[in-house]
Peer 1: 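Structure incoming, see below.
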Number of protein chains: 2
Amino acid sequence: MTTPPEPQTSAERQLCGLVNGLAQQIAEHVRERAAALGLTAAQATALREMTGPMTMRELAERMSCEPSNATFVVDKLEKQGLVERCPHPTDRRAKQLLLTAEGAALRDRLLGLLAQDSPLAGLSPQQQSTLQGLLEQAITRS
Amino acid sequence: MTTPPEPQTSAERQLCGLVNGLAQQIAEHVRERAAALGLTAAQATALREMTGPMTMRELAERMSCEPSNATFVVDKLEKQGLVERCPHPTDRRAKQLLLTAEGAALRDRLLGLLAQDSPLAGLSPQQQSTLQGLLEQAITRS
DNA sequence: CTCGGATATTTAGAGCTTGAATGTTTCTAG
DNA sequence: CTAGAAACATTCAAGCTCTAAATATCCGAG
């Protein structure tokens, strides 16, 4: 009796594999577009999330990473003259990140590239909506 | 005219965020269980995929990583006495990976832990099935 | 058989990410 | 007001992953 370890378990593992696979495709999509602009994926993600002035911590949260990682990535962007670390107007502990003119221009180009050929283009708007609902439920209830 | 950059684009970006979020939760789930056994997430993934004797390349494919990374991870597992690199019976270029008795025992414990409290438990079997179909379609058509 | 292109693995080097420890500054309970 | 706790940012060490290049072996065309 070699009961194949609970069918449900196996199905869930396969599903995890699919989620990871799609996440990797999305990451690859970003990586390609970033490379076209001379950026790494991490740098592109940071630039994408720079919707306006924000602190290091806010950027880290938007990037879903640790603040120490944001420090690392912003260092690179600053060396390229895309971002500036200014003193925060009301909190002397914090830095306020600002895009330079060059940074804002590159960000616009990046957003344009990222909008093309989305990895989710294989799904209809209705399917995307269904997917969104399922993902939200999976993330919340766990 | 500051057209808010195409509503569809924005929805797709949000969806990408959700996919990444769920993937991170899955990874965190593995990381926790791995840590309980003194393994890193990468080591646990390798152990989980060792369903039987296989080459380095096969393992790398199952882990969705580069062969050079598999070398790195198997090095660690070998140092812990969980895996052995044996000469491949028919191809002298390749190594055949075998679990030691200790490795097989630890793998059993790992599989048990990973089966508990799946990050996808918030979805009904039917919802999981729907999700699987959508993910497969998204991955294939891109 | 032998040469040349493919394949399996490893190594070296670099980038990304994390967690712990640190220095500053802010907030808050008393 | 003031001490202690909490928050912001950074630095450092360690681990993961990738690419490119090196080595060894296989396989097929001639």
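On a predicted model such as this, the values are computed, not experimentally measured, just so you know. Below, chain A is the first sequence line, B the second, and so on; all start at residue 1.
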Peer 1: Compare side-chain N and O positions of K95(A) against OP1 and OP2 of dT10(D) and report whether any pair is under 4.0 Å apart.
Peer 2: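 It does, given that an N or O in the side chain of K95(A) lies less than 4.0 Å from OP1 or OP2 of dT10(D).
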
Peer 1: Which residues satisfy the side chain to side chain donor-acceptor pair (under 3.5 Å) test with E102(B), sequence neighbours excluded?
Peer 2: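 Partners of E102(B) under the side chain to side chain donor-acceptor pair (under 3.5 Å) test: none.
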
Peer 1: What is the distance from CZ of F72(B) to C1' of dG13(C), rounded to the nearest Å?
Peer 2: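 About 14 Å, once rounded to whole Å.
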
Peer 1: Can you sort out the partners of E32(B) under side chain to side chain donor-acceptor pair (under 3.5 Å), two or more places apart, ordered by chain and number?
Peer 2: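 Counting only residues at least two positions away or on another chain, E32(B) forms no side chain to side chain donor-acceptor pair (under 3.5 Å).
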
Peer 1: Rounded to the nearest angstrom, tell me the gap between atom CD in E32(A) and atom P in dC18(D).
Peer 2: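 Result: 15 Å.
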
Peer 1: Measure the distance from CG on L59(A) to C1' on dA9(D) and round it to the nearest whole Å.
Peer 2: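 Answer to the nearest Å: 13 Å.
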
Peer 1: Are L99(A) and L106(A) close enough that some pair of their side-chain heavy atoms sits under 4.5 Å apart?
Peer 2: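 Counting from C-beta outward, L99(A) and L106(A) never come under 4.5 Å.
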
Peer 1: Any residue in residues 45-57 of chain A with a heavy atom nearer than 4.0 angstrom to DNA chain D? Just list them by number, or reply none.
Peer 2: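 Here the set is T55(A), M56(A), R57(A).
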
Peer 1: Once side chain to side chain contact (heavy atoms under 4.5 Å, CB included) is applied, do any residues pair with Q126(A), and if so which ones, sequence neighbours excluded?
Peer 2: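 Per chain and number, Q126(A) pairs via side chain to side chain contact (heavy atoms under 4.5 Å, CB included) with S124(A).
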
Peer 1: Name all residues meeting the side chain to side chain donor-acceptor pair (under 3.5 Å) criterion together with Q132(A); count only those two or more places apart in sequence or in a different chain, and write none if there are none.
Peer 2: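 Applying side chain to side chain donor-acceptor pair (under 3.5 Å) to Q132(A) gives E136(A).
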
Peer 1: Given atom CD of Q24(A) and atom P of dC16(D), what is their separation to the nearest angstrom?
Peer 2: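 Taking atom P of dC16(D) as the reference, CD of Q24(A) is at 17 Å.
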
Peer 1: More 5' along DNA chain D: P67(A) or A42(B), using each one's nearest nucleotide?
Peer 2: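 Counting from the 5' end, the first nearest nucleotide belongs to P67(A).
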
Peer 1: Can you confirm whether L97(B) sits close enough to E84(B) that some side-chain heavy atom of one is under 4.5 Å from a side-chain heavy atom of the other?
Peer 2: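 Side chain of L97(B) against side chain of E84(B), heavy atoms only: no contact under 4.5 Å found.
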
Peer 1: Whole angstroms only, please: what is the CG-C1' distance between L39(B) and dC16(D)?
Peer 2: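 Going from CG in L39(B) over to C1' in dC16(D) covers 15 Å.
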
Peer 1: Would you say T40(B) places a side-chain N or O within less than 4.0 Å of OP1 or OP2 belonging to dC16(D)?
Peer 2: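 Indeed, a polar side-chain atom of T40(B) lies that close.
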
Peer 1: Find the distance D75(A):CG to dG15(C):P and express it as a whole number of Å.
Peer 2: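 Spelled out: CG on D75(A) to P on dG15(C) is 13 Å.
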
Peer 1: Provide, to the nearest angstrom, the distance between the CZ atom belonging to R85(B) and the C1' atom belonging to dT11(C).
Peer 2: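 Value for this atom pair: 12 Å.
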
Peer 1: Sort and list the pairs that fulfil salt bridge (charged side-chain N to carboxylate O under 4.0 Å, His left out) and have at least one residue in residues 59-70 of chain B, not counting sequence neighbours.
Peer 2: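 Matches after skipping sequence neighbours: E49(B)-R62(B).
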
Peer 1: What is the separation between atom CE on M63(B) and atom P on dC16(D), rounded to the nearest whole Å?
Peer 2: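 In whole Å, dC16(D) P and M63(B) CE are 10 Å from each other.
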
Peer 1: Considering residues at least two apart in sequence or located in another chain, which fulfil the side chain to side chain contact (heavy atoms under 4.5 Å, CB included) criterion with R93(B)?
Peer 2: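 For R93(B) the side chain to side chain contact (heavy atoms under 4.5 Å, CB included) partners, ignoring immediate neighbours, are D91(B).
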
Peer 1: Treating primed atoms plus P, OP1 and OP2 as sugar-phosphate and everything else as base, which nucleotides of nucleotides 19-26 of chain D get B, S or - for protein heavy atoms under 4.0 Å?
Peer 2: B-----BS

Peer 1: Could you name each residue pair satisfying salt bridge (charged side-chain N to carboxylate O under 4.0 Å, His left out) that touches residues 67-83 of chain B, not counting sequence neighbours?
Peer 2: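 Checked against salt bridge (charged side-chain N to carboxylate O under 4.0 Å, His left out) - neighbours excluded - the pairs reaching residues 67-83 of chain B are D75(B)-R85(B), E78(B)-R85(B).
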
